[in-house]
Amino acid sequence: KVTVENIIKDGLNVVNNKLSDYVRKNKLNESESDNLKSALTDIAVDLADGGMNRGLYNYMEPYVENLEKSLYEKKYYPVLDYMVRILKENIKKDLEVELKD
């Protein structure tokens with residue numbers, strides 16, 4: 001049975017695999033990838049509950065000690081923004097498939 005939780009989980013699996021690719025290609029280290037995965041999990045929970053309720057920086061901030069805006073904008077924002085778009089696209093695609101059935 002398809003549930004919102006499963007659709008969210010599938011979307012997270014896609015972005016987590018992409019983040020693993022980034023680590024393999026040395027675009028991110030393991031810690032950076034883990035921080036992004038944690039932020040994306042929070043975002044996914046909020047999407048399941050009706051939508052994101054804060055800016056991307058605020059999702060990332062709890063996972064990076066003393067996160068400065070300049071570091072966030074240079075290192076994390078481009079990847080996080082891209083992954084959120086992929087997450088949303090996958091959720092939308094799964095919902096569309098589910099609604100057709």
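In this chain, residues are counted from 1 in sequence order.
Leu12 contributes atom CG, which lies 12.5 Å from atom CD1 of Ile7 (distance to the nearest 0.5 angstrom). Atom-to-atom distance recorded for Tyr63:OH and Leu40:CG is 10.0 Å, nearest 0.5 angstrom. Taking CG from Leu67 and CD from Glu65, the interatomic distance works out to 11.0 Å, rounded to the nearest 0.5 Å. Atom CZ in Arg85 sits 10.5 Å away from atom CG in Leu80 (nearest 0.5 Å). Going from atom NZ of Lys9 over to atom CD1 of Ile91 covers 13.5 Å, rounded to the nearest 0.5 Å. Between atom CD of residue Glu30 and atom CG of residue Asn35 there is a gap of 10.5 Å, rounded to the nearest 0.5 Å.
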Check the pair Ile86 / Lys18 against side chain to side chain contact (heavy atoms under 4.5 Å, CB included), numbers first and verdict last. CA-CA 10 Å; Ile86 291 171; Lys18 287 205 175 291; 3.4 Å; yes
Step-by-step side chain to side chain contact (heavy atoms under 4.5 Å, CB included) determination, Asn90 to Asp10: CA-CA 8 Å; Asn90 275 277; Asp10 289 345; over 6 Å; no
Side chain to side chain contact (heavy atoms under 4.5 Å, CB included) for Leu19 and Asn16? Distances and angles first, verdict last. CA-CA 5 Å; Leu19 287 170; Asn16 286 343; 4.3 Å; yes
In sequence, state the C-alpha distance, the side-chain angles, and the governing distance for Lys27 and Ser33, and then conclude on side chain to side chain contact (heavy atoms under 4.5 Å, CB included). CA-CA 10 Å; Lys27 293 180 179 180; Ser33 175; over 6 Å; no
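Shown here for Glu73 and Pro78, the closest heavy-atom pair between the two residues is O-CD, 3.4 Å. The shortest heavy-atom contact between Ile8 and Ala48 is CG1-CB, 3.9 Å. Met83 approaches Val15 most closely through the heavy-atom pair O-CG1, 3.3 Å. In terms of heavy atoms, Val23 sits closest to Asn29 at CG2-O, 3.9 Å.
Lys75 has its side chain within reach of Leu28: a pair of non-hydrogen atoms, C-beta onward, lies under 4.5 Å apart. At least one side-chain heavy atom of Asn53 sits less than 4.5 Å from a side-chain heavy atom of Tyr59.
Atom OH of Tyr77 is surrounded by 12 or fewer heavy atoms from other residues, nucleotides or ligands within 6.0 Å. Annotation: Lys88, atom NZ; neighbour count of heavy atoms from other residues, nucleotides and ligands within 6.0 Å does not exceed 12.
The only option from Val84, Val45, Asp42 that meets the side chain to side chain contact (heavy atoms under 4.5 Å, CB included) definition with Met52 turns out to be Val84.
Tyr72 contributes a side-chain N or O that, together with a main-chain N or O of Tyr57, makes up a donor-acceptor pair within less than 3.5 Å.
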